[in-house]
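Structure first, then comments.
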Amino acid sequence: MSFERVSVIGLGYIGLPTAAVLASRGLDVVGVDVTERAVNTINRGEVHIVEPDLDIIVKAVVTTGKLRATRQPEPADAFMIAVPTPFKGDHEPDLSYIRAAAEAIAPVLEQGNLVVLESTSPVGATEQLSQWLAEFRPDLRFPHQHKDKPDVNLAHCPERVLPGHVLHELVANDRVIGGLTEGCAEKAKALYQTFVRGECITTDARTAEMCKLTENAFRDVNIAFANELSIIADKQRINVWELIELANRHPRVNILNPGPGVGGHCIAVDPWFIVSGAPEEARLIHTARLVNDGKPYYVLQKVRQAADQFKKPVIACLGLAFKADIDDLRESPAMAIVETLAREQLGELLIVEPNIDELPVSLAEAGCRLVALDEALENCNTLVALVDHKPFKHIALSRIASKVVIDTRGLW
Ligand code: SAJ
């Protein structure tokens with residue numbers, strides 16, 4: 001199967017880099033997004049998200065006319081769906097964005113098309129997508145009904161790129177491609193081989209769905225181990241960083257890093273999809289989520305105890321992002337901690353976040369100040385390290401010796 005025109009539905013952190021890379025390989029790419037601002041920004045050759053080098057490649061492919069954004073889906077050979085899959089209040093997966101994408105592309109689907117679901121999804125979502133498409137287009141044969149020669153081919157190929165390294169990992173990582181039929185998987189493999197240098201391995205859709213969830217749950221469980229260990233070590237008056245460094249000298253031990261909690265929209269979300277699919281069985285995965293979600297409360301308790309020692313606590317909070325050296329504050333445990341401190345009015349809050357120019361409204365309105373690192377170090381009596389951004393690693397120990405320090409990332 002050859003692909004000349006590909007449509008990417010959802011131009012966010014995954015969709016836009018994917019669209020740009022496909023376009024840079026010479027394919028005609030039509031990006032579709034419901035947000036007018038995103039569409040207009042991209043059509044000017046600019047980007048609405050922060051990711052190293054993405055601006056350069058988007059500018060290049062928009063200038064050559066290989067990438068174009070629109071709000072209205074158009075016919076194409078293949079459709080790649082990269083929309084959010086958040087969870088609802090009860091941690092049940094919310095597939096409404098996938099359903100909306102299905103409804104949007106259904107009118108332009110044609111015989112011979114390929115539809116790939118890239119969004120991280122619970123087991124069964126690709127089949128559900130096939131059912132939705134069939135409802136919208138009863139005139140076409142879909143693979144959940146017709147295993148032999150469906151009119152439209154459907155596969156799941158979960159994204160697995162690390163924010164901050166997306167353009168490299170999009171091309172270099174191996175891809176797991178799960179088809180609703182073997183033919184669907186082979187057709188999707190042909191699409192990915194146009195831009196992936198890693199290996200493209202085919203399987204069925206359910207295994208591919210579970211594979212992505214497994215990768216992120218594996219990391220979550222391992223971080224939970226480190227986070228639990230940090231609390232135990234604290235109680236036993238042991239330095240957890242030294243402890244982990246020593247334990248990791250064993251040839252078969254590799255403990256991850258404790259932190260203030262797990263953030264982002266992947267690791268803290270995807271394990272819940274496993275739990276909701278097998279609530280009785282997923283005991284360890286469920287507990288790991290609770291351990292990681294509980295860590296910010298432990299950090300808060302430490303800060304309260306520290307602030308209690310001062311008549312006028314001046315608390316410097318280093319970092320707001322959900323992890324090091326990015327500007328993404330969404331689902332960030334550091335943000336949650338600082339917001340609670342601000343609400344409780346424990347003292348003066350000095351925030352240092354070198355990757356943003358302005359504090360989020362919730363913090364600005366609560367009277368927090370965004371300051372430079374030097375100013376925070378000069379004026380604070382309590383120092384809380386929440387993110388291991390590069391500039392924080394170079395702080396001279398003599399500058400913090402007289403402060404009460406809560407180092408959640410093992411910076412010093
Ligand atoms: N974290 C720790 N300790 C560690 C490692 C991470 O506390 O030792 C925290 C981070 O500070 C952050 C959170 O975990 O708050 C998640 O960060 P991350 O770097 O582990 O992962 P993400 O969310 O940026 O990206 C993950 C990646 N998945 C895996 O590494 C298995 C990425 O490959 C996926 O594509 C991405 O999720 C996704 O989109 O699903």
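These figures come from a predicted structure and were not determined experimentally. Remember, it's 1-based here, ligands and their atoms both numbered in the order they're listed.
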remark   = If you scan protein heavy atoms around atom 23 (O) of ligand 1, the nearest is Ile267 CG1, 3.5 Å
inquiry  = So, 4.0 Å and heavy atoms of Gly264: is ligand 1 close enough to count as a contact?
reply    = no
Contacting atoms of ligand 1, where contact means under 4.0 angstrom from a heavy atom of Glu215 = 31 (C)
key: Nearest heavy-atom neighbours spanning Leu386 and Cys317   = CD1-CB, 4.2 Å
key: Under-4.0 Å salt bridge between Arg71 and Glu36   = yes
key: Protein heavy atom at shortest distance from atom 17 (O) of ligand 1   = Lys323 CD, 3.8 Å
task = Please identify which atoms of ligand 1 are closer than 4.0 Å to at least one heavy atom of Glu159.
result = 35 (O), 38 (C), 39 (O), 40 (O)
request  = Hey, could you give me the CG/CZ distance between Asp270 and Arg289, rounded to the nearest 0.5 Å?
outcome  = 9.5 Å
inquiry  = Counting only heavy atoms closer than 4.0 Å, does ligand 1 sit against the backbone of His265, its side chain, both, or neither?
reply    = neither
task = Just do the side-chain hydrogen bond (donor to acceptor under 3.5 Å, both in side chains) check on Tyr298 and Asp234 with the steps written out, would you?
result = CA-CA 11 Å; Tyr298 183 79; Asp234 205 14; 2.3 Å; yes
request  = Would you check whether Asn216 has a nitrogen or oxygen atom less than 3.5 angstrom from a nitrogen or oxygen atom of ligand 1?
outcome  = yes
task = Run the numbers for me: atoms of ligand 1, each under 4.0 Å from some heavy atom of Pro163, listed by number.
result = 24 (O), 25 (O)
Crowding at CD, Glu245 (>12 non-hydrogen neighbours, <6.0 Å) = no
inquiry  = Determine whether a donor-acceptor pair (N or O, by modelled atom type, separation under 3.5 Å) exists between the side chain of Ser230 and the backbone of Val240.
reply    = no
Arg37 and His48 side chains, donor-acceptor separation under 3.5 Å = no
ask   = Any idea which protein heavy atom is nearest atom 3 (N) of ligand 1, and the distance to it?
value = Asn257 O, 2.7 Å
ask   = What do we get for Val161 next to ligand 1 when only non-hydrogen atoms under 4.0 Å count, side chain, backbone, both or neither?
value = backbone
inquiry  = Please verify the inter-ring angle class for Trp272 with Phe87; under 30° counts as parallel, over 60° as perpendicular, anything in between as tilted.
reply    = perpendicular
inquiry  = Restricting to non-hydrogen atoms, name the atom on Leu180 and the atom on Lys147 that form the minimum distance, rounded to 0.1 Å.
reply    = O-NZ, 3.2 Å
request  = Can you sort out which atoms of ligand 1 are near Leu256, meaning under 4.0 Å from one of its heavy atoms?
outcome  = 8 (O)
Nearest-neighbour protein heavy atom for atom 15 (O) of ligand 1, which is reported as residue plus atom name and distance = Phe322 O, 2.7 Å
Shortest protein heavy-atom distance from atom 33 (O) of ligand 1, along with the residue and atom involved = Arg160 O, 3.0 Å
request  = Answer yes or no: does an N/O atom from Gly263 fall short of 3.5 Å to an N/O atom of ligand 1?
outcome  = yes
inquiry  = Just to be sure I read this right, does ligand 1 sit under 4.0 Å from the backbone of Arg409, its side chain, both, or neither, counting only heavy atoms?
reply    = side chain
note = the protein heavy atom lying closest to atom 25 (O) of ligand 1 turns out to be Leu162 CD1, 3.5 Å
remark   = Residue, atom and distance of the protein heavy atom nearest atom 6 (C) of ligand 1 read Ile223 CD1, 3.5 Å
Protein heavy-atom partner closest to atom 30 (O) of ligand 1 - residue, atom, separation in Å = Arg219 CD, 3.2 Å
ask   = Given the rule in the side-chain hydrogen bond (donor to acceptor under 3.5 Å, both in side chains) test, do Ser362 and Glu339 qualify, once you have shown the distances and angles that lead to the verdict?
value = CA-CA 7 Å; Ser362 62; Glu339 276 174 340; 2.8 Å; yes
message = Tell me whether Gln193 contacts the main-chain N or O of Cys200 through its side chain, where contact means a donor paired with an acceptor under 3.5 Å.
response = no
